Amino acid sequence: MNFTTRYPLAPAVLGLLTALALGCSGDNQRSTAPFSSVEDNGVVQVDLRLMETTDIHAHVMGYNYYRDAEDPKVGLVRTASLIRRARAELEYPQNSALVDNGDLIQGSPMGDWRQSDGIAEGEVHPVFKVMSALQYDVANYGNHEFNYGLEFLAESVNDANFPYISANIFVDDGDTDDGNDRLYFEPYRLIEKTLLDRNGKARQITIGFIGFVPPQIMQWDKSKLEGRVKTRDIRAMAERFVPEMRAQGADIVVAIPHSGISTRVYDARNLEANSSWHLAEVPGIDAILFGHSHLLFPSQQFAGVPGVDIEAGTIKGVPAVMPGYWGSHLGVIDLVLDYDIAADTWMVAGSAVSTPAIFVDGAPAVEPDGDLQTLVSQDHRATIDYMNQPIGESTDDIFSFLALVKDDPTIQIVNDAQRWYVEQLIRGDVNLQHLPVLSAAAPFKVCDRDGICAEEGSFTVVPKGTVKVKNAADLYVYPNTLVAVKVSGAELAQWLECAASQFNQIDTASSARQELVNFAGFPSFNFDVIDGVSYQIDVTQPARYSRSCVQVSDGERIVNLQYQGRDVSADDQFLVATNNYRAGGGMFAGTGEEHIVIESPDTNRQVLANYIRANSPVTPAADGNWSFVPVADNENLEIVFRAPDTERVAQFIAAQLPKARLLEVNPRGEAVYRMDLSVASGEE
């Protein structure tokens, strides 16, 4: 039986089916004894439901502020209905705990408005108005909590009526002695609860919750954190603190890592961002409520991962759940606990995992919580007003419908703004003013997170005319700050090689349909287009790099790389305007601490808005600086890309790619187009 796609059953039935389906043996002392509703040999059974939200990203309302329209696929006010239902269906509603895994205060227009307007003492952030009403037990910090700085974070969190934890962030005391470091936050929290066993008798339990953040916050938000805090490895800190939690009385331990799954060999020196798989090996952890990756666990996406059982919802035997993003799902782990009365000890005897959704089969699965909508109605109105402030005019439509198959206006205007900013910044700087300025930007909104391209709302849409704050936010969705790096021509070429892994390799000998864009293995936010140079991408060659820019072949896709009409040499030097996330990450060639020469206090989005104000009306037509290498015998190939099936999109594609041909509308509602690669895409 698969417990991963539906709510678990009532406790008594759950116990019997879980025992039959899972066996419940293995790590962390899981019992194989059959479940019973009566006391047996001094052991009683208690049901405990753990619930998790994660990666809400300030999506409180089910609303699309870019379109000024309701959006039933997102919003904590809808997840709240799942939470209330999950509690209500329990025989004993008090036998539950609710946690949030972080990335909470940033990521939507409501989060942008609250940060832009500031948050004064006594004001309550809208996410905490809702969460306090929902009676969360504990929350963990995510990496995006630090985007706005420690002061804004502190003033936001201080109004939560539940504790926050993180076990791998320490005060930077300026010395190299790790032994005297002090924790910056409370690392864990022991929470005492009174649960009712299956006979209805009260039992006291102490649940220990421990939280973790990706150590990479020190790169991603360096300007806000350097010299103030430092981070440690997630698993190493779990190995340090979980025994301490047990010694202090934790009967069970629940880990809340804001961290996905990576199966590479563990080494504490690597400071792995995605450590949930490794946490399952830490003795004493009974359940893992994780996030960060914006994915569902358990799901088919994790089939075949070593140690993962997607039917049972376990990682190396430990029950685990990750409930998507933006409030799309609720994570639920139902634990069956054996309580030994004489020994006063608890043991996990069985589990079932589910991820109920707020939107199922094309329709809302729940209604939003009306009381919570009323609670944040003023914040909602203020967000709408903020987003509709005008900043300038555009002479052209700025759409991202073709951003992955052709040079694109949504990337062009961002690159134009970033180059404009850096060129002004280096005037008079004797060390930098002689260097050519390039700019790197990626498409943030092209299809949804699952690679489904059916809805216009998954793309950036800015019709020509008045440009508003909401349009700038639609063009640049993250609160990154502008950073410039100094790179060589050789590094520039390899930067582009990694970005070119966005595409599948095209087999010119095959007549079968071939998808051009690699959605499954490469995120679009890593498809950097670098303006100021021209180049072509040969998709008949294998990708040289993985999504993490680790070399996987000797393929060379980037050809004809030129600056102002001449070939770029390995020794050429350039400045590349980008963002703090890319520049500090060190993943792409030419990035990392040693390459950074400019660290701006301004966000990329603010730079974009200022550029539009200063240059209005703007004409953001793409300059065609990149294209695909023409493919011979193209008429025998069926190379396809997908887009929304709407009249506006069809007209845009007809104007931009007149040789593209609509083949069909597939069952997901996507228009499937044949891409003509007989000529460079920029030459149609």
Side-chain angles (χ1 to χ4, degrees), residues 58 101-107 111 114-116 118-121 125 128 139-160 163-189 210-234 236-238 240-241 256-259 268-273 275 292 478-485 579-586 591-604 606:
N101 198 311
D103 277 9
L104 184 67
I105 65 174
Q106 176 280 331
R114 186 68 276 178
Q115 186 272 338
S116 176
I119 186 165
E121 185 177 352
H125 197 293
F128 293 117
N140 175 51
Y141 293 101
N143 54 286
H144 282 287
E145 257 66 74
F146 302 93
N147 290 166
Y148 300 142
L150 291 169
E151 287 74 22
F152 184 88
L153 174 59
E155 186 55 50
S156 299
V157 168
N158 67 8
D159 291 307
Y164 260 84
I165 54 176
S166 185
N168 65 322
I169 303 178
F170 291 78
V171 175
D172 187 347
D173 56 11
D175 64 35
T176 58
D177 181 7
D178 290 344
N180 64 5
D181 287 346
R182 293 180 295 109
L183 284 153
Y184 193 85
F185 298 113
E186 182 180 2
Y188 57 81
R189 176 62 68 96
I210 183 168
F212 306 94
V213 70
Q216 286 71 20
I217 62 171
M218 298 308 301
Q219 286 85 51
W220 299 334
D221 282 302
K222 176 184 174 183
S223 63
K224 300 177 179 66
L225 301 179
E226 188 175 37
R228 305 185 66 182
V229 300
K230 53 187 176 182
T231 54
R232 301 272 187 85
D233 178 73
I234 291 175
M237 293 302 98
R240 170 181 169 180
F241 287 115
I256 320 174
H258 192 81
S259 181
R269 295 170 298 181
N270 291 335
L271 298 177
E272 178 62 59
S275 291
H292 181 56
Y478 298 109
N480 303 135
T481 53
L482 192 143
V483 173
V485 292
N579 61 64
N580 62 302
Y581 181 89
R582 177 71 76 242
T591 66
E593 180 69 29
E594 68 276 16
H595 290 277
I596 295 174
V597 292
I598 295 173
E599 293 186 83
S600 163
D602 297 317
T603 65
N604 297 70
Q606 190 60 51

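None of these values were measured; they are calculated from a predicted model.
- What you find for Val483 and Ala583 is that their closest heavy atoms are CG1-CB, 3.4 Å.
- Scanning all heavy atoms of the two residues, the minimum distance from Thr591 to His595 falls at O-CD2, 3.3 Å.
- By the salt bridge (charged side-chain N to carboxylate O under 4.0 Å, His left out) test, Lys222 is found to be paired with Glu593, residues two or more places apart in sequence or in another chain being considered.
- The backbone N or O of Asn480 lies less than 3.5 Å from no partner atom in the side chain of Asn580, so there is not a single donor-acceptor pair.
- At a threshold of 4.5 Å between non-hydrogen side-chain atoms, the residues Ile169 and Val213 count as touching.
- Taken to the nearest 0.5 Å, the CZ atom of Arg189 stands 13.5 Å off from the CG atom of Asn140.
- Contact annotation: the side chain of Leu153 approaches that of Phe146 to within less than 4.5 Å [non-hydrogen atoms, C-beta and beyond].
- Looking only at side-chain heavy atoms (C-beta outward), Lys224 and Leu150 stay at 4.5 Å or farther from each other.
- Note that CZ of Phe170 is 4.0 Å distant from CG of Leu183, once rounded to the nearest 0.5 Å.
- Taking the six-membered ring where the residue is Trp, the centroids of Tyr141 and Tyr164 are separated by under 6.0 Å.
- Partners of His292 according to the ring-ring contact (aromatic ring centres under 6.0 Å, His included) rule, which considers only residues two or more places apart in sequence or in another chain, are His258.
- For Asn604 (side chain) and Leu482 (main-chain N/O), a donor-acceptor pair under 3.5 Å exists by modelled atom type.
- The shortest distance between side-chain heavy atoms of Ile119 and Tyr148 does not fall below 4.5 Å.
- Here Arg582 pairs with Asp528 under the salt bridge (charged side-chain N to carboxylate O under 4.0 Å, His left out) rule; sequence neighbours left out.
- Around the CD atom of Glu121, the shell of radius 6.0 Å holds no more than 12 heavy atoms that belong to other residues, nucleotides or ligands.
- Using a 4.5 Å heavy-atom threshold, the side chains of Val485 and Ile598 count as separate.
- In this structure Glu599 satisfies the side-chain hydrogen bond (donor to acceptor under 3.5 Å, both in side chains) test with no other residue, sequence neighbours excluded.
- Applying side-chain hydrogen bond (donor to acceptor under 3.5 Å, both in side chains) to Gln106 and the options Gln115, His144, Glu145 leaves one that passes, His144.
- Once rounded to the nearest 0.5 Å, the distance linking CZ of Arg228 with CG of Asp172 reads 11.0 Å.
- Although no hydrogens or angles enter the test, the distance criterion places a donor-acceptor pair under 3.5 Å between the side chain of Ser259 and the main chain of Ala273.
- Residue Phe241 comes nearest to Ala167 through the heavy atom pair CE1-O, 3.5 Å, listed as atom of the first residue, atom of the second, then distance.
- A 4.5 Å side-chain heavy-atom check between Leu225 and Trp220 finds every atom pair outside the cut-off.
- The CG atom of Leu271 lies 11.0 Å from the CD1 atom of Ile217; values are rounded to the nearest 0.5 Å.
- Of all non-hydrogen atoms in Asn147 and Pro479, the two that sit nearest each other are OD1-CG, 3.5 Å.
- Residues Tyr478 and Tyr581 place their aromatic rings such that the two centres sit no closer than 6.0 Å.
- Side-chain contact between Asp233 and Pro215 is absent, with no heavy atoms from C-beta onward closer than 4.5 Å.
- At distances below 3.5 Å, at least one donor-acceptor pair connects side-chain atoms of Asp103 with backbone N or O atoms of Asn143.
- Of all non-hydrogen atoms in Asp173 and Asn180, the two that sit nearest each other are OD2-OD1, 3.0 Å.
- No side-chain donor-acceptor contact under 3.5 Å links Asn579 to the backbone of Thr481.
- Between Phe212 and Ser166 there is no side-chain heavy-atom pair separated by less than 4.5 Å.
- Tyr188 meets the side-chain hydrogen bond (donor to acceptor under 3.5 Å, both in side chains) test with Glu244, Gln248; sequence neighbours excluded.
- Distance CD1/Ile256 to CG/Asn101: 6.5 Å, rounded to 0.5 Å.
- Asp602 pairs by the salt bridge (charged side-chain N to carboxylate O under 4.0 Å, His left out) definition with nothing, not counting sequence neighbours.
- Between Glu272 and Arg232 there is no salt bridge, since no side-chain N of the basic residue sits under 4.0 Å from a carboxylate O of the acidic one.
- By the 4.0 Å N-to-carboxylate-O rule, Lys230 lies close enough to Asp181 to be salt-bridged with it.
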